[in-house]
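The structure presented is a predicted model; accordingly, all values stated were derived computationally and were not measured. Here is the naming used below: chain letters follow the sequence lines, and residue numbers restart at 1 for every chain.
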There are 2 protein chains.
Amino acid sequence: MLGLLREPHSGYDIKKHFEQSLRNFWQAELSQIYPLLQKMEAEGLVRSRHGASDIGPTKRIYKRAQKGTKELHRWLEEGPIIGKDRISYLAQVYFLADLDDIDKAISYMKSLRDEITKKVAALEIIESNWRSNDTRYPNDLADEEFYPHLTLALGIKRLGATGEWCEDSLRKMQVRRRWTNAKRSQL
Amino acid sequence: MLGLLREPHSGYDIKKHFEQSLRNFWQAELSQIYPLLQKMEAEGLVRSRHGASDIGPTKRIYKRAQKGTKELHRWLEEGPIIGKDRISYLAQVYFLADLDDIDKAISYMKSLRDEITKKVAALEIIESNWRSNDTRYPNDLADEEFYPHLTLALGIKRLGATGEWCEDSLRKMQVRRRWTNAKRSQL
DNA sequence: GATGACATGTAAACTGTTACATGATTTG
DNA sequence: CAAATCATGTAACAGTTTACATGTCATC
């Protein structure tokens, strides 16, 4: 939130940012955003003023205060925060054996692959649009756009790797299915 | 938790599992595990009995009930849960421009690369130990071990891709630094 | 007998989601 | 004027972490 509030934005605007550029690695609901903005204002990290909307009712526009910038920089200079990412679908994969049904496991993996494929395609469209709308993309972008580009690039790379893993896994699982069927027909 | 409780375990044992094989995609504290076990028992998903420990005080041993197995299978058959993973360090990367200091940004990325390198090395050691202790690894493993192997393989693959992205990003950033310095010396 | 690992829990604080509630403004 | 979007919020619940509290058993 502090990062986004380098430029003035309303809570509603912030939600749009979460839905657009940040959605690959962070999300937040309006019901979390509004109280947090109020809390941050009480703490002196941001300041608000009223602003007219181009379209729709008036907004409350927040912007980072000096204290907020200091806090943001402190967070950035702490170094990378890693190691706490949860991946729900991996928890499911981990326990697929419990179904004791290789066909169900394979169809699980296929639908995972399909979802991943969709997501990577969506990111690639974002990137190709960016590329065609800005001749500076990617290496001559201003810093404010270059770092977001890096996060997009990682999103594409990771999802691509995940898609390949799905295909690898499917191949391994299909081999196991043949094995199982061979055994069964021996009975 | 239901997945793990196919075999009987105490809360303390479950914590060990989270610290070992599941740590790459899921974690939980004892203070979350114990109340949850109690809640699940009240709901009839698991049953508990007392059990002696090899070492240390007696344990409360939980095991999945039929209802728990049903619930686990329902969850698995729902299909993949995706799209809500948060990656804190990407939020940091996104806003690195705010520091307005390419050297700080580069040292951020270097320390990210170092952390990723460490993690991938740790996973590779787990895998190579597994491989040397079990000749069936990976394709002839029993299902109960094969699916955990898949999650380990994805962990390695994703971290590897992330490490490559760090190196790519560092190269791009170093080019930008030279650019900035060239500009500065023109003044 | 001190230390550390084993073992189980509670309380308070914090974080996040879902549901509810309200109302303004724009567009068809 | 109906529906969609814009805009801001609260309340209840669910999930998670940190700190606190207690006690057992094995090893040095």
Side-chain angles (χ1 to χ4, degrees), chain A residues 1-5 8-20 22-23 25-43 45-63 71 75 78 81-88 91, chain B residues 1-5 8-20 22-23 25-43 45-63 71 75 78 81-88 91:
Chain A
M1 298 262 293
L2 284 174
L4 291 173
L5 291 173
H9 291 297
S10 68
Y12 202 82
D13 293 338
I14 288 173
K15 173 65 175 162
K16 292 258 157 113
H17 280 280
F18 280 119
E19 281 170 357
Q20 288 155 22
L22 293 113
R23 61 153 45 248
F25 54 90
W26 208 275
Q27 279 167 268
E29 299 303 320
L30 285 169
S31 58
Q32 187 180 11
I33 292 168
Y34 287 120
L36 184 54
L37 285 169
Q38 291 164 15
K39 195 189 163 209
M40 292 197 305
E41 184 161 32
E43 288 168 357
L45 297 169
V46 301
R47 273 192 255 282
S48 76
R49 57 179 173 77
H50 288 278
S53 177
D54 295 348
I55 180 177
T58 57
K59 302 173 172 187
R60 180 174 287 274
I61 306 289
Y62 291 88
K63 188 176 186 296
E71 173 62 15
W75 177 65
E78 262 180 359
I81 300 170
I82 41 174
K84 297 197 173 181
D85 29 330
R86 276 181 180 188
I87 308 172
S88 302
Chain B
M1 298 264 289
L2 283 175
L4 291 174
L5 291 173
H9 291 298
S10 69
Y12 202 83
D13 293 338
I14 288 172
K15 173 65 174 162
K16 292 259 157 111
H17 276 93
F18 279 120
E19 281 169 357
Q20 289 156 19
L22 293 116
R23 62 151 46 245
F25 55 87
W26 208 275
Q27 280 166 266
E29 299 302 322
L30 284 170
S31 58
Q32 188 180 9
I33 292 168
Y34 287 121
L36 185 53
L37 284 170
Q38 290 164 17
K39 196 188 162 209
M40 291 197 306
E41 184 162 31
E43 289 169 356
L45 297 169
V46 300
R47 272 191 256 282
S48 76
R49 58 179 175 79
H50 287 279
S53 176
D54 295 346
I55 179 176
T58 57
K59 301 174 171 187
R60 180 173 287 273
I61 307 288
Y62 291 86
K63 187 176 187 298
E71 173 62 15
W75 177 65
E78 263 180 357
I81 300 170
I82 42 173
K84 296 199 172 176
D85 31 333
R86 278 181 177 188
I87 308 172
S88 303

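Following rounding to the nearest Å, A/Arg49 (CZ) and D/dT8 (P) show an atom-to-atom distance of 12 Å. In this entry the distance linking NE2 of A/His50 with P of D/dA7 reads 14 Å, nearest Å. Rounded to a whole Å, the CG atom of B/Leu36 is 15 Å from the C1' atom of C/dT10. Between the CD1 atom of B/Ile81 and the P atom of C/dT17 there is a distance of 14 Å, given to the nearest Å. Rounded to an integer number of Å, the gap from CG of A/Leu30 to P of D/dT5 is 14 Å. Rounded to whole Å, the distance from CD on B/Glu41 to C1' on C/dG9 is 15 Å. At whole-Å resolution of the value, NZ in A/Lys39 and P in C/dA13 are 13 Å apart. When rounded to the nearest whole Å, the span between NZ of A/Lys15 and C1' of C/dT17 equals 11 Å.
For A/Glu78, the side-chain contact (heavy atoms from CB on, under 4.5 Å) partners are A/Arg74, A/Trp75, not counting sequence neighbours. Residues that satisfy the side-chain contact (heavy atoms from CB on, under 4.5 Å) test with A/Ser10, not counting sequence neighbours, are A/Tyr12, A/Asp13, A/Lys59, A/Ile61. Listed by chain and number, the residues in a side chain to side chain donor-acceptor pair (under 3.5 Å) with B/Glu43 amount to none (sequence neighbours excluded). Annotation: side-chain contact (heavy atoms from CB on, under 4.5 Å) contacts of A/Ile82 (sequence neighbours excluded): B/Tyr89, B/Leu112, B/Glu115.
B/Lys16 comes within 4.0 angstrom of sugar-phosphate atoms only, judged by non-hydrogen atoms across all strands, and of no base.
Side-chain atoms of A/Tyr34 lie closest to D/dT8 of the nucleotides C/dG9, D/dC6, D/dT8. Distance from the side chain of A/Arg60 is smallest for D/dG9 among the nucleotides D/dA7, C/dG9, D/dG9. Comparing D/dT8, D/dG9, C/dC6 by their nearest atom to the side chain of A/Ser10 picks out D/dT8.
Contact annotation: A/Gln38 does not reach the phosphate of D/dT8 (side-chain N/O to OP1 or OP2, under 4.0 Å).
Of the possible polar contacts, one joining the A/Glu41 side chain to the A/Ser48 backbone as a donor-acceptor pair under 3.5 Å is found.
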Table please: side-chain donor-acceptor pairs of residues 26-37 of chain B below 3.5 Å, with sequence neighbours left out.
none

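Residue B/Lys59 is the one, among A/Trp26 and B/Lys59, whose nearest nucleotide of DNA chain C lies closer to the 5' end (criterion: closest heavy atom).
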Quick one: which protein N/O atoms are closer than 3.5 Å to N/O atoms of nucleotides 17-20 of chain D? Pair and distance per line, please.
residue : atom : partner : partner atom : Å
D/dT18  : O4   : B/Ser31 : OG           : 2.5

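Nearest heavy-atom pair across B/Leu5 and B/Tyr62 is CD2-O, 3.4 Å.
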